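Worksheet for the structure shown next.
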Protein chains: 2
Amino acid sequence: MRIGLKEVAAEAGVSRSTASRALSGSPLISAETRAAVEQAAARLNYQPNRLAGALRSKQSHLVGLVLNNLINASFHTIAEVVQRRAADEGYQVMLGITDADPAREKEFLRTLAAHGVDGLIVIGTGKNGATTNALLAEGTGVVNVIRRPADSAAPSVLAADREGAHAATSHLLDLGHERIGFIGGELTADSGRERFAGYEQALRERGLAVDESLVERGPFAPGFGTEAITRLLRRAPRMTALFAANHEAVFGILPTLASTGVSVPGDLSLVCHEDISWLRYWSPAITVVDNGAAELGELAMNLLLQQMKHGDGGRDGAQEARNGRAYRVGAQLVIRDSTAPPATRRDG
Amino acid sequence: MRIGLKEVAAEAGVSRSTASRALSGSPLISAETRAAVEQAAARLNYQPNRLAGALRSKQSHLVGLVLNNLINASFHTIAEVVQRRAADEGYQVMLGITDADPAREKEFLRTLAAHGVDGLIVIGTGKNGATTNALLAEGTGVVNVIRRPADSAAPSVLAADREGAHAATSHLLDLGHERIGFIGGELTADSGRERFAGYEQALRERGLAVDESLVERGPFAPGFGTEAITRLLRRAPRMTALFAANHEAVFGILPTLASTGVSVPGDLSLVCHEDISWLRYWSPAITVVDNGAAELGELAMNLLLQQMKHGDGGRDGAQEARNGRAYRVGAQLVIRDSTAPPATRRDG
DNA sequence: TGGATCTTTGGGATCGATCCCATTATGCAC
DNA sequence: GTGCATAATGGGATCGATCCCAAAGATCCA
């Protein structure tokens, strides 16, 4: 038979209420009683049933994490950080993978709510603001990450895509490059648009205009990277630098450059957006814009913990914590060996 | 106020018992009553409290997934597969990341059990056989993946490391290579030992002995790959092929080969163990041994579902499903463009 | 020593579902 | 019409913890 609180209470010679108080750290109990109960619990190897506790106390110590996939490096990095931080604070993480399908995402949000999660971290499609707002109103904590539904009443933790792209482009401009290629995502994607905006802005600040013949946009896939860089090399032989703003495309761009004998940074300086661990081991080590995935996860979890702690306490605090404010985690340019001044050409 | 079963019952004009039966698909209820209750539930947007249901019925519809990290491609692939399959079967996944620390792993196993998970998938350290056996005895489903504790009473789903390594090496031998390098993990790691054994066996079958000057073993880290391949190239200039059996090291090996001008497969044929999605986009596309991460996850989840379904039913079935049998998921050699016959040398 | 206050404890209700048992309706055969 | 099996329903107990209220015991001061 499984050991319950009742058995512990009997073993310690006290009532269930007292045993409960002893183990939950209530102050209204004597030190000896607490010790006795703790010893009894240890003797019987008591393992509290969290389900029962959650049902009565309305605190499940469960956090839901909803995201598109676990393949993308930023996503699984965030998942790891969130999980660690949650575990350290006594929360467990329930996982939902949506494939970026809003319907599936909605389904997960409701199911996780049915399981009584105290809070939700949504790295989502941005299409379920209404659902998360409803959960928020019922007292569930919510934090949006990376993408922010237009109508969300929950706080959002966003990457500084525009600033990062601006920094990357400015770095290349500082080195003396003027013909800088751009391979990014479609303008329909938030990150695609923001990063292009940062690129454009940096150029404009130096009095340069975007040359569309240096720009490639396409899906988040390695295959696109291969095609894009091939086209760019043919179309724009005088390009001296490239800003790769499409995470997945990088997987196609790098090998193609290596195999076609383009020397980096000799022939082409290269900056990639989003840090992927092994880019540092590339030869040459790749200069990147680190979007701070770990920090995004960290901050999101902090905001969620804040909400959940205020949850049963004062309404003002909860109100405070539950505003729809957006937070930005700054991007960081990590300069490695793939960027250098352009080769001075006699024929230029 | 939150809508409970009581409210639905009132709305439909029936008792709570009847409402419960209608919504849980019990056969002892009339079609009209069922329809009426379902409509009432829909009208009120009823969302059942899974906590309460789980407490009473001892079925939480929760599955625990314990793994070392989410960075490793095999791990996050398995995590994705398990999550999808679980969701399709009406289960939610609770995540535990252990950093390969047995103590942390044990902690997670107990915590997840306290949350009442119906089953556990453990991609673990192999050090907590006793704990999982205890949970198994209490009626929780357990499946080990990739690593199998020596004393585990639960079924295990293992990768065919030895066979995969054998296939990779044989492929190179078939092409005519004789001086085949090996970069792998330490022999203290199960996968390191098994893969080396497969390599050795393939050589022996052709009457060749292992030449230790062609072998490098080290930690699972990109940096090690860089060092290892650099040493090998210097030490064994006549090596014509390489089997890279250390997943993480591949991240160091590939760029180093590219930057030092070693032509693949012209100068060196290359096979990597474990499929990493972007290896297909490398130039040349890399021949790999696919360890079948997705299939590992799939099979593990099937075995777990089997246990959980038998869970409350016949003891015989449960007994059957809960043997400590080991299952192997075959490795698959995926031949791409990085392997070719050795160049015939005038000076050989 | 009595009474007021504070500390500590026990008993019962409760969270929201499911399960078991008793009860009522229904159908069918004789 | 009676008897009996079957189908459908309702009421209360239950899962295992926490919460609330009342009561018992300890403390202290007048």
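A note on names: the letters A, B, ... follow the listed sequences, proteins ahead of strands, and every chain is numbered from 1. Every value quoted in this text rests on a predicted model; they were computed, and no experiment measured them. Only heavy atoms go into these numbers, but all of them, side chains included; no hydrogens, no water, no symmetry mates.
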Is [X] reaching over with its side chain to a backbone N or O of [Y], donor-acceptor style, under 3.5 angstrom?
{"X": "B/Q307", "Y": "B/V142", "result": "yes"}
{"X": "B/R34", "Y": "B/S26", "result": "yes"}
{"X": "B/T98", "Y": "B/L67", "result": "yes"}
{"X": "A/N302", "Y": "A/L305", "result": "no"}

### First and last nucleotide of DNA chain D, 5' to 3', lying under 4.0 Å from heavy atoms of chain A
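Reading along DNA chain D, I get D/dG16 to D/dC20.
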### Message
Applying a 4.0 Å non-hydrogen cut-off, can you work out what A/R50 is touching in the nucleic acid: base, sugar-phosphate, or nothing?
### Response
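The answer is nothing, as A/R50 stays clear of every strand by at least 4.0 Å.
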### Query
Do NZ/NE/NH1/NH2 and the carboxylate oxygens of A/E105 and A/K127 come within less than 4.0 Å?
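Not counted as a salt bridge, because no side-chain N and carboxylate O are separated by less than 4.0 Å.
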### Message
Looking at A/K58 and A/D118, is there a salt bridge between them, counting it only when a charged N and a carboxylate O are closer than 4.0 Å?
### Response
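No, this pair does not count.
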#### Entry: Donor-acceptor side-chain pairing of B/S74 and B/T77 below 3.5 angstrom
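Checked: B/S74/B/T77 side chains show no N/O donor-acceptor pair below 3.5 Å.
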### Query
Would A/N68 and A/R104 count as having a side-chain donor-acceptor pair, cut-off 3.5 Å?
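The answer is no; no qualifying pair exists.
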### Message
Suppose we call a contact any N or O donor and acceptor under 3.5 Å apart; does that hold for the side chain of A/S17 and the base of C/dG11?
### Response
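For A/S17, whose side chain was compared with the base of C/dG11, there is a donor-acceptor pair (under 3.5 Å).
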### Message
Using a 4.0 Å cut-off on heavy atoms, which residues in residues 26-42 of chain A reach DNA chain D? List them by number, or say none.
### Response
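Within residues 26-42 of chain A, no residue comes under 4.0 Å of DNA chain D.
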### Message
Quick check on DNA chain D: between B/L55 and B/R21, whose nearest nucleotide comes earlier from the 5' end?
### Response
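Closer to the 5' end of DNA chain D: B/R21.
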